[in-house]
K.L.:
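Encoded as structure tokens, here's the structure I'll be asking about.
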Amino acid sequence: PTTPAPAAPRPATQPPAADAAQVGEPQLGVQMYPGAQFLASYDAGRGQRYFLFGTTASFVDVVTFYRNLLKQKGELVFDSPATHQFDLGRFREETMAFPPSVTVKEFQSQISQGYPNPRPNGQPARFPTVIQVVPVLTP
């Protein structure tokens, strides 16, 4: 007797076109930077997802936007590449994989032209700044 081949694993990311129209402030719990493009969402584990957005705006402009929007200073997590995080809610280690947050990362540098656009022939070809959102879990 032969055993059936195992099913192909499902990709961790969903196609950008499928999610883009459905991802917005109601799902994220926070306003997205104006003009930011949805790139992908990933299963973070423990019932959480995180969402990536690319923008042509500078790291400083995006951080300033979220400082004003969220009325908090946030925290510079890394100097290089510049990475700034804003908390959206309390992190519960026993039930969460990631803290609910908005993380802004600078991808353009002397060694990187930016985060590649995952869409074939997408414009821009690369994003200098990427925004990651981990929404607050609702019970």
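Note that these values count all heavy atoms, side chains included, but never hydrogens, waters or copies made by symmetry.
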K.L.:
Does Ala44 have any side-chain contact (heavy atoms from CB on, under 4.5 Å) partners at least two apart in sequence or in another chain, and if so, which?
P.N.:
Gln48, Tyr50, Phe98
K.L.:
Tabulate below the donor-acceptor pairs under 3.5 Å that side-chain atoms of residues 73-80 make, not counting sequence neighbours, or state none.
P.N.:
none

K.L.:
Any heavy-atom pair between the side chains of Phe59 and Thr83 that's under 4.5 Å?
P.N.:
no
K.L.:
Working to the nearest 0.5 angstrom, can you tell me the gap between Asn117 CG and Arg126 CZ?
P.N.:
10.0 Å
K.L.:
For Arg49, is there any backbone N or O sitting under 3.5 Å from a side-chain donor or acceptor partner on Asp43?
P.N.:
no
K.L.:
Considering non-hydrogen atoms only, spot the tightest contact between Ala97 and Gly45 and give its length.
P.N.:
CB-O, 3.9 Å
K.L.:
Would you compute the distance between atom CD of Glu106 and atom OG of Ser112 and round it to the nearest 0.5 angstrom?
P.N.:
9.5 Å
K.L.:
Would you give the length of the straight line joining atom CG of Leu39 to atom CD of Gln132, rounded to the nearest 0.5 angstrom?
P.N.:
11.5 Å
K.L.:
Kindly write out the residues that satisfy side-chain contact (heavy atoms from CB on, under 4.5 Å) with Gln31, not counting sequence neighbours, or none if the list is empty.
P.N.:
Glu25, Phe65, Leu69
K.L.:
Between Gln108 and Tyr115, is any pair of side-chain heavy atoms under 4.5 Å apart?
P.N.:
no
K.L.:
Which residue pairs satisfy the side chain to side chain donor-acceptor pair (under 3.5 Å) criterion with at least one member in residues 62-71, sequence neighbours excluded?
P.N.:
none
K.L.:
Can you classify the ring geometry of Phe51 versus Phe38 as parallel (below 30°), tilted (30 to 60°) or perpendicular (above 60°)?
P.N.:
tilted
K.L.:
Show every side chain to side chain donor-acceptor pair (under 3.5 Å) that has at least one partner inside residues 51-61, sequence neighbours left out.
P.N.:
Ser58-Asp61
K.L.:
A side-chain contact here means heavy atoms from C-beta on lying under 4.5 Å apart; do Leu52 and Val130 qualify?
P.N.:
yes
K.L.:
How many angstroms lie between atom CZ of Phe53 and atom CE of Met32, to the nearest 0.5 angstrom?
P.N.:
4.0 Å
K.L.:
Suppose we screen for side-chain contact (heavy atoms from CB on, under 4.5 Å). Which residues come up paired with Pro100, at least two apart in sequence or across chains?
P.N.:
Leu88, Met96, Val136
K.L.:
So Phe107 and Thr129, do their side chains get closer than 4.5 Å, heavy atoms only?
P.N.:
no
K.L.:
Would you mind listing every side chain to side chain donor-acceptor pair (under 3.5 Å) that reaches into residues 85-100, with sequence neighbours excluded?
P.N.:
none
K.L.:
Please examine the side chains of Ile131 and Val102, heavy atoms only from C-beta on, and report whether any two atoms are closer than 4.5 Å.
P.N.:
yes
K.L.:
Is the CD atom of Gln113 crowded by more than 12 outside heavy atoms at less than 6.0 Å?
P.N.:
no
K.L.:
Run the ring-ring contact (aromatic ring centres under 6.0 Å, His included) test against Phe127 and tell me which residues pass, sequence neighbours left out.
P.N.:
none
